[in-house]
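For reference, the structure discussed in these notes is given below.
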Amino acid sequence: MSLPAAVVYVVALAAVGVTAGSIPTTLDGPFKPVTVPLDQEAFRGNSVDLPDSDGRVRRKVSGFSPEQISVSLAATYDAVWISWVTGDFQIGDSVTPLNPADVKSVVYYGRLRYPLHHETTGYSLVYSQLYPFDGLQNYTSGIIHHVRLTGLKPGTRYYYRCGDPSIPAMSSIHVFRTMPIASPQSYPKRIAVIGDLGLTYNSTSTVNHMRKNHPDLVLLLGDVSYANLYLTNGTGSDCYSCSFSQTPIHETYQPRWDYWGRFMEPFVSEVPLMVIEGNHEIEMQAKNQTFVAYSSRFAFPSEDSGSFSPFYYSFDAGGIHFIMLGAYVSYNRSGNQYKWLERDLAKVDRSTTPWLIATWHAPWYSTYRAHYREAECMRIEMEELLYSHGVDIIFNGHVHAYERSNRVFNYSLDPCGPVHITVGDGGNREKMAIDHADDPGRCPDPLDTPDDFMGGFCAFNFTEGPAAGRFCWDHQPDYSAYRESSFGHGILEVKNETFALWTWHRNQDLYNSTGGDQIFIVRQPARCPVGPKLSTPRAHIRNYPI
């Protein structure tokens, strides 16, 4: 970096309240790999799910009063979605779906608690989880409502009630805040990032810690309720793939979705939640239907962002453009998702939204043995496109641990590559990942790493670099900056168009601690220009040494 540029960054750091050396920045990197050892292997044991008798998951309303209320964002600040459920689910050998037309979808809202001047209506639906086999209990949901509020002002508190006033069956008053206007000077104060959450006592600890950090927005990177870890009689199954092994359909206990929605309501009825699908949302059922609960229970800015799909979409939050990608739908360059991604990236104006952040479920850069290089086909198809458009940060889940990379592209250190962060440590009932692929004797067999759902197999021995001729490194790879097996969540605080503070918080730390991992991620647009797809991406600045 030239001296004038260095002076500029020192001044900019001071402007966001950082003294030299107090918090590292990506300008100080790449960093030598760090592994924080697990205190005791017993910590890896299964988390314990909240039972259906827990008061936090029990139904507290009667009749058609709203429950499981949540807020999600549209593509721009001036609209949000309010979602809720009315009526109870049914489960058994014979179920009769409720009629969505019997209950209206109405939201009263306004900038004052009293009176709520505005009224708008939306749509409702019921979904079922049906099995083509005797002995399995079918499920049909309560009535799920989605209402889009429009014409909202940026960075503004709005009060609202939802339900059907004609019954009457209306909720109590809740409040949310809209996102700031898209601008390089305005950002949400705190964005929480979690993955693989579930509904265990560890999950509740994660959510409690997250709420203490007062986020303005939550990103949930897939694997939400883990309903598919249960048989349809409500019994937990640690080997869910063994439960009905003679068919391609494995059972899933849908009431866990209702439990999850009830537990989360006090939080997500006031803080917008943006979700992308994970593998535990597949939930195959009769007629080869998949992702039905996921697609029905959440509202997405799919139409706003031109994707028309719940599996991939984009939205703005202040000066950040978020791209939510699907790891379990076609990501091939000839497919709809890739073509949509090209169009979406081409429309991004970095003078308005300087930060470009992408998320999906399964990570491309994880050094843990669990799911090692499982998403290699997706990486091969999409990495160059994201890199050439200057994506700054990539968030993933799936691996039940925490890991942050140095800036990386195509397994090589690259000062213009994105920082990859895996936060699949929300607290679900599956075991914590503790083994690394580079640990002696822990490198998986390449034949064990295909993308089972998408049917791809792209991970082979490396042909160049430190791991040439092998499937795994024999030491922690240079691109891996920090890894640790602990439950937790992350908080992103974008300070301005140059600096963003990332903090990962362990559940076992005090609420007011500075976190287990903290770094300023620094954009360098002058050094790392963006543009259309490059045949040789930024070759002149790649592979910087440690």
Can any side-chain N or O of [X] pair as donor or acceptor with the backbone N or O of [Y] at less than 3.5 Å?
{"X": "Glu403", "Y": "Thr367", "value": "yes"}
{"X": "Thr204", "Y": "Tyr201", "value": "yes"}
{"X": "Asp223", "Y": "Gly198", "value": "no"}
{"X": "Tyr226", "Y": "Glu281", "value": "no"}
{"X": "Glu381", "Y": "Arg333", "value": "yes"}
{"X": "Thr150", "Y": "Ala79", "value": "no"}

Margin query: For Phe311 and Tyr328: C-alpha separation, side-chain torsions, deciding distance, then whether side-chain contact (heavy atoms from CB on, under 4.5 Å) applies.
Written below: CA-CA 8 Å; Phe311 304 119; Tyr328 302 97; over 6 Å; no
Where does the angle between the aromatic ring planes of [X] and [Y] fall among parallel (under 30°), tilted (30 to 60°) and perpendicular (over 60°)?
{"X": "Trp257", "Y": "Trp260", "answer": "perpendicular"}
{"X": "Tyr123", "Y": "Trp81", "answer": "perpendicular"}
{"X": "Tyr160", "Y": "Phe176", "answer": "tilted"}
{"X": "Trp502", "Y": "Phe395", "answer": "tilted"}
{"X": "Phe322", "Y": "Phe315", "answer": "parallel"}
{"X": "Phe300", "Y": "Tyr313", "answer": "tilted"}

Rounded to the nearest 0.5 Å, what's the gap from [atom1] on [X] to [atom2] on [Y]? Could you check?
{"X": "Leu492", "Y": "Ile357", "atom1": "CG", "atom2": "CD1", "value": "5.0 Å"}
{"X": "Glu283", "Y": "Ser295", "atom1": "CD", "atom2": "OG", "value": "10.0 Å"}
{"X": "Leu229", "Y": "Leu199", "atom1": "CG", "atom2": "CG", "value": "11.5 Å"}
{"X": "Arg58", "Y": "Asp52", "atom1": "CZ", "atom2": "CG", "value": "6.0 Å"}
{"X": "Tyr368", "Y": "Tyr402", "atom1": "OH", "atom2": "OH", "value": "10.0 Å"}
{"X": "Tyr331", "Y": "Met378", "atom1": "OH", "atom2": "CE", "value": "8.0 Å"}

Next item on the list: Would you check, one step at a time, whether the test side-chain contact (heavy atoms from CB on, under 4.5 Å) holds for Arg297 with Ile144?
Entry: CA-CA 7 Å; Arg297 291 179 177 271; Ile144 301 170; 3.9 Å; yes
Next item on the list: Report the C-alpha distance between Glu251 and Ser237 in whole Å, list the side-chain angles of each, state the deciding distance to 0.1 Å, and finish with yes or no for side chain to side chain donor-acceptor pair (under 3.5 Å).
Entry: CA-CA 10 Å; Glu251 301 178 45; Ser237 174; over 6 Å; no
[X] vs [Y] side-chain heavy atoms within contact, under 4.5 Å:
{"X": "Thr232", "Y": "Tyr131", "answer": "yes"}
{"X": "Ser47", "Y": "Asn428", "answer": "no"}
{"X": "Tyr108", "Y": "Val106", "answer": "yes"}
{"X": "Trp360", "Y": "Tyr312", "answer": "no"}
{"X": "Asp102", "Y": "Asp164", "answer": "no"}
{"X": "Asn208", "Y": "Lys212", "answer": "no"}
{"X": "Leu231", "Y": "Tyr253", "answer": "no"}
{"X": "Tyr77", "Y": "Asp316", "answer": "no"}

NZ/NE/NH1/NH2 to OD/OE distance under 4.0 Å, [X] and [Y]:
{"X": "Arg262", "Y": "Glu265", "result": "no"}
{"X": "Asp49", "Y": "Arg429", "result": "yes"}
{"X": "Glu484", "Y": "Arg506", "result": "yes"}
{"X": "Arg483", "Y": "Asp438", "result": "yes"}
{"X": "Arg379", "Y": "Glu376", "result": "yes"}
{"X": "Glu67", "Y": "Arg59", "result": "yes"}

Note to self: Please evaluate residues Thr206 and His489 with respect to the criterion side chain to side chain donor-acceptor pair (under 3.5 Å), reporting the C-alpha separation (whole Å), side-chain torsions for both, the decisive distance (0.1 Å), and the verdict.
What the structure shows: CA-CA 7 Å; Thr206 299; His489 75 282; over 6 Å; no
What's the shortest heavy-atom distance between [X] and [Y], and which atoms?
{"X": "Gln137", "Y": "Ile91", "result": "CB-CG1, 3.9 Å"}
{"X": "Pro215", "Y": "Val271", "result": "O-CG1, 3.6 Å"}
{"X": "Pro363", "Y": "Val399", "result": "CG-CG2, 3.8 Å"}

Next item on the list: Start with the C-alpha distance between His398 and His361, add both sets of side-chain angles, then the distance that settles side chain to side chain donor-acceptor pair (under 3.5 Å), and finish with yes or no.
Entry: CA-CA 6 Å; His398 199 42; His361 185 58; 3.0 Å; yes
Item checked: side chain to side chain contact (heavy atoms under 4.5 Å, CB included), paired with Val193, selected from Ile393, Leu219, Val218 ->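 So the option named by the test is Leu219.
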Under 3.5 Å, is there a donor-acceptor pair linking the side chains of [X] and [Y]?
{"X": "Thr235", "Y": "Asn233", "result": "yes"}
{"X": "Glu430", "Y": "His280", "result": "yes"}
{"X": "Gln254", "Y": "Thr252", "result": "yes"}
{"X": "Trp364", "Y": "Asn396", "result": "no"}
{"X": "Ser83", "Y": "His145", "result": "no"}
{"X": "Thr200", "Y": "Asn202", "result": "no"}

Margin query: With a sphere of 6.0 Å drawn around CG of Asn336, does it hold more than 12 non-hydrogen atoms of other residues, nucleotides or ligands?
Written below: no
Margin query: Looking at Gln289, I'd like to know if its CD atom is crowded, meaning that more than 12 non-hydrogen atoms belonging to other residues, nucleotides or ligands lie closer than 6.0 Å.
Written below: yes
Next item on the list: Answer yes or no for Arg404 and Tyr365: cation-pi contact, defined as NZ/CZ to six-membered ring centre under 6.0 Å and angle to ring axis within 45°.
Entry: no
Next item on the list: Check step by step if ring pair (Phe, Tyr, Trp, His ring centres under 6.0 Å) holds for Tyr139 and Tyr127.
Entry: CA-CA 8 Å; Tyr139 169 95; Tyr127 81 89; 5.7 Å; yes
Next item on the list: Decide side chain to side chain donor-acceptor pair (under 3.5 Å) for Ser105 and His146; before the verdict, give the C-alpha distance in whole Å, the side-chain angles of both, and the deciding distance to 0.1 Å.
Entry: CA-CA 7 Å; Ser105 307; His146 299 297; over 6 Å; no
Check: Step by step, would you call Ser72 with Val80 a side-chain contact (heavy atoms from CB on, under 4.5 Å)?
Finding: CA-CA 6 Å; Ser72 56; Val80 303; over 6 Å; no
Next item on the list: Take Leu98 and Thr140, measure what side-chain contact (heavy atoms from CB on, under 4.5 Å) needs, and give me the verdict at the end.
Entry: CA-CA 8 Å; Leu98 297 172; Thr140 183; over 6 Å; no
